[in-house]
Amino acid sequence: MRVKVLQPIVAETASQIVNKASEFPETILIKKDHWEIDAKSLLGLLAISLQPNQEIELKVHDSSKTEGIEALLSTGFFKKI
C-alpha cells in the first residue's frame with residue numbers, strides 16, 4: 001500500500017510506530033527507494049529518515065492480513081494515497 005509521510009519520523013514518532021507494529025505477529029515492511037526495513041526495527045526506521053511528503057510502501061510479509069498496516073495508518077503519521 002502506497003502512503004505519504006505526514007511528519008518527520010524521529011526518535012519519539014519512530015518509537016510509537018515500532019510499538020504499534022509490535023502489537024501484530026506479522027512482519028510489516030516499510031519500503032523506501034531501495035531500502036526495505038521491518039517496521040518493528042527502531043534503528044531501521046531511523047536509518048531511512050522518513051520526512052514529510054515522501055511516498056513509501058507499507059506491506060505485510062507473507063500474509064494477506066492488513067490489520068497491522070491499518071493500525072500504522074491510524075497513528076496519523078501516514079496517509080494512504
Side-chain angles (χ1 to χ4, degrees):
M1 173 183 303
R2 299 285 299 167
V3 299
K4 183 181 280 191
V5 179
L6 298 178
Q7 61 183 328
I9 305 301
V10 293
E12 187 174 328
T13 51
S15 177
Q16 291 173 10
I17 292 168
V18 168
N19 289 338
K20 185 60 75 176
S22 295
E23 295 176 6
F24 300 90
E26 298 83 25
T27 300
I28 302 168
L29 299 172
I30 298 175
K31 183 173 170 62
K32 175 188 167 191
D33 301 325
H34 66 280
W35 297 93
E36 189 169 82
I37 59 110
D38 187 335
K40 297 175 187 174
S41 168
L42 183 61
L43 290 176
L45 269 174
L46 294 174
I48 62 173
S49 183
L50 297 176
Q51 299 299 318
N53 296 318
Q54 287 182 328
E55 292 183 13
I56 60 169
E57 185 175 345
L58 298 176
K59 64 182 182 177
V60 179
H61 183 67
D62 290 339
S63 178
S64 60
K65 296 182 181 180
T66 60
E67 293 88 3
I69 292 175
E70 296 300 327
L72 290 182
L73 289 174
S74 74
T75 62
F77 303 134
F78 307 106
K79 178 182 175 185
K80 189 175 178 179
I81 54 174

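Note that these values count all heavy atoms, side chains included, but never hydrogens, waters or copies made by symmetry.
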Test item: L50 and F78 side chains (from C-beta on) under 4.5 Å apart, heavy atoms: yes

Is a donor on one side and an acceptor on the other found under 3.5 Å between the side chain of S22 and the backbone of V18? yes

Distance-only donor-acceptor pairs under 3.5 Å for side chains of residues 34-47, two or more places apart:
| unit_1 | atom_1 | unit_2 | atom_2 | d |
| --- | --- | --- | --- | --- |
| E36 | OE2 | K59 | NZ | 3.2 |
| D38 | OD1 | K40 | N | 2.9 |
| K40 | NZ | F24 | O | 2.7 |
| K40 | NZ | E26 | O | 2.9 |
| S41 | OG | G44 | N | 2.9 |

Test side chain to side chain contact (heavy atoms under 4.5 Å, CB included) on V5 and I56; report intermediate values, then the result. CA-CA 7 Å; V5 179; I56 60 169; 4.2 Å; yes

Apart from L29 itself, its cluster of hydrophobic side chains linked below 4.5 Å comprises none

Nearest atoms (heavy-atom pairs only) where P8 meets Q51: CB-OE1, 3.9 Å

Among K32, R2, K79, whose salt bridge (charged side-chain N to carboxylate O under 4.0 Å, His left out) with E55 holds? R2

Of the non-hydrogen atoms in G68 and I28, which two are nearest, and what is the gap between them? CA-CD1, 3.6 Å

Between K80 and V3, the two heavy atoms sitting closest are CA-CG1, 4.1 Å

Who are the salt bridge (Lys or Arg N to Asp or Glu O under 4.0 Å) partners of E23, not counting sequence neighbours? K20

If hydrophobic clusters are built from ILVMFWY residues whose side chains come within less than 4.5 Å, do L6 and I48 share one? no

